[in-house]
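Take a look at the structure set out below.
Both counts, for ligands and for their atoms, begin at 1 and track the order of listing. Keep in mind the model is a prediction, meaning the values are calculated, not measured. Residue numbers start at 1 and run along the sequence shown. Side-chain atoms are counted along with the backbone in the values below, which use heavy atoms only and exclude waters and symmetry mates.
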Amino acid sequence: MDMSKEYYVVPSEAPEHHPSTLNIINSDVFYSFEDAYEVIQKCGDIIPEATSVMELLPSRAEARSKPDFPVIVIEGLDATGKTTLTESLRDSLGATLLRSPPQCMSPLRARFDQEPPLIRRAFYALGNYITAEQVGQEGMKAPVIVDRFWHSTAAYAIATAVSGPVCNLPAEGSEVYRWPSDLFQPSLVVLLTLDPEERKRRLRDRGQGKTEEEQELDHNQLFRLKVEEAYRRIAGPACVTVDASPSADQVLQQVRLLIRGKCHL
Ligand SMILES: Nc1ncnc2c1ncn2[C@@H]1O[C@H](COP(=O)(O)OP(=O)(O)O)[C@@H](O)[C@H]1O
Ligand SMILES: Nc1ccn([C@@H]2O[C@H](COP(=O)(O)OP(=O)(O)O)[C@@H](O)[C@H]2O)c(=O)n1
């Protein structure tokens with residue numbers, strides 16, 4: 001019997017999507033409350049803290065009205081100056097300051113940060129819905145400033161899921177960058193960007209503990225670039241980029257101008 005076979009190497013077109021991007025939807029990024037809720041609900045048996053998360057969640061039956069006042073989200077990598085800016089905006093605008101994940105989730109965070117991506121991401125996704133509920137209440141009384149929101153949840157998740165260089169990210173306009181249809185859309189999203197060396201200097205000066213993911217950002221330039229690019233590609237309210245390297249006061253004035261233009265505040 002003749003066992004010989006001939007093999008040929010033939011060129012083929014590059015696939016449209018990098019294989020690491022094919023499984024993002026509903027594994028790394030959840031596009032509805034129900035999809036994220038289902039994951040946390042199912043972990044109840046092995047993670048007792050999942051029950052505590054569910055107790056914090058807003059009831060889905062309640063009809064929510066749009067806040068009367070503008071809601072401004074500030075995004076950016078760790079140490080780009082979000083805390084500094086959000087606190088100044090709160091004081092200068094007489095606004096309420098909220099964050100995602102909300103304060104009430106803080107005691108549960110360390111537990112979910114240890115979990116595999118599916119569970120960890122579902123936890124952070126639900127955090128946005130709790131913050132949205134708080135925005136709905138506070139936004140009836142005063143403008144609201146939010147320190148991180150959906151952009152952070154999706155951008156970190158996408159950048160972690162996609163291996164290799166920035167060009168492996170799903171193309172701009174891909175459905176992975178869409179905004180969840182049942183999640184409140186802020187009036188304005190500002191993305192603070194900073195030169196990597198200046199960011200490192202600020203991190204060193206601050207000298208605080210960081211999440212493992214943030215430590216990874218420090219020595220992984222590629223990951224940092226992917227997070228920033230994913231931030232820019234997320235649609236819904238697209239983010240407006242602001243260079244955060246000038247003084248804190250100059251950054252504040254720059255963002256105040258944007259808010260005046262967009263939200264008339
Ligand atoms: N515009 C700025 N210029 C110089 N240093 C800044 C500026 N904004 C913030 N910082 C400093 O950089 C560090 C990180 O800022 P922080 O507001 O905590 O960032 P984040 O909340 O994004 O992690 C802090 O030590 C802060 O005082
Ligand atoms: N809205 C949010 C906020 C944070 N996160 C996650 O939390 C991490 C950053 O949170 P952090 O507490 O270090 O950020 P800072 O507010 O300290 O800058 C990232 O690794 C994200 O994965 C999220 O998924 N969604």
Problem - ring-ring contact (aromatic ring centres under 6.0 Å, His included) partners of residues 86-123, not counting sequence neighbours, each pair once - result: F112-F123

Handout entry: Side-chain ion pair, R201 and E197, N-O less than 4.0 Å
Key = no

Problem - Short N-O contact, K226 and E229, less than 4.0 angstrom - result: no

Problem - Sub-4.0 Å heavy-atom approach of T80 to ligand 1 - result: yes

Run the numbers for me: atoms of ligand 2, each under 4.0 Å from some heavy atom of [X], listed by number.
X	answer
R120	20 (O), 22 (O)
R121	22 (O)
N128	1 (N)

Per-residue contact class, [X] against ligand 2 - non-hydrogen pairs under 4.0 Å:
X	value
R109	side chain
L77	neither
H151	neither
W150	neither

Problem - With F30 via ring pair (Phe, Tyr, Trp, His ring centres under 6.0 Å) - residues at least two apart - result: none

Handout entry: Ligand-residue contact atoms, ligand 1 with K82, heavy atoms, under 4.0 Å
Key = 17 (O), 19 (O), 20 (P), 21 (O), 22 (O), 23 (O)

Practice task
Determine whether any heavy atom of P101 lies closer than 4.0 Å to an atom of ligand 2.
Solution key: yes

Problem - Rounded distance [0.5 Å steps], SG in C104 versus CD in Q134 - result: 5.5 Å

Handout entry: Criterion side chain to side chain contact (heavy atoms under 4.5 Å, CB included) against I145, the qualifying member of V73, T86, L85
Key = T86

Fill in the blank from the handout: Judged by heavy atoms only, the candidate from A125, S100, A159, A157 nearest atom 3 (C) of ligand 2 is S100

Practice task
Could you name the option among R99, R204, R202, E75 that has the heavy atom nearest to atom 10 (N) of ligand 1?
Solution key: R202

Problem - Check: G76 main-chain N/O paired with K82 side-chain donor or acceptor under 3.5 Å - result: yes

Problem - Geometric N/O contact R206 with ligand 1, under 3.5 angstrom - result: yes

Problem - E16 atom CD, over 12 foreign heavy atoms within 6.0 Å - result: no

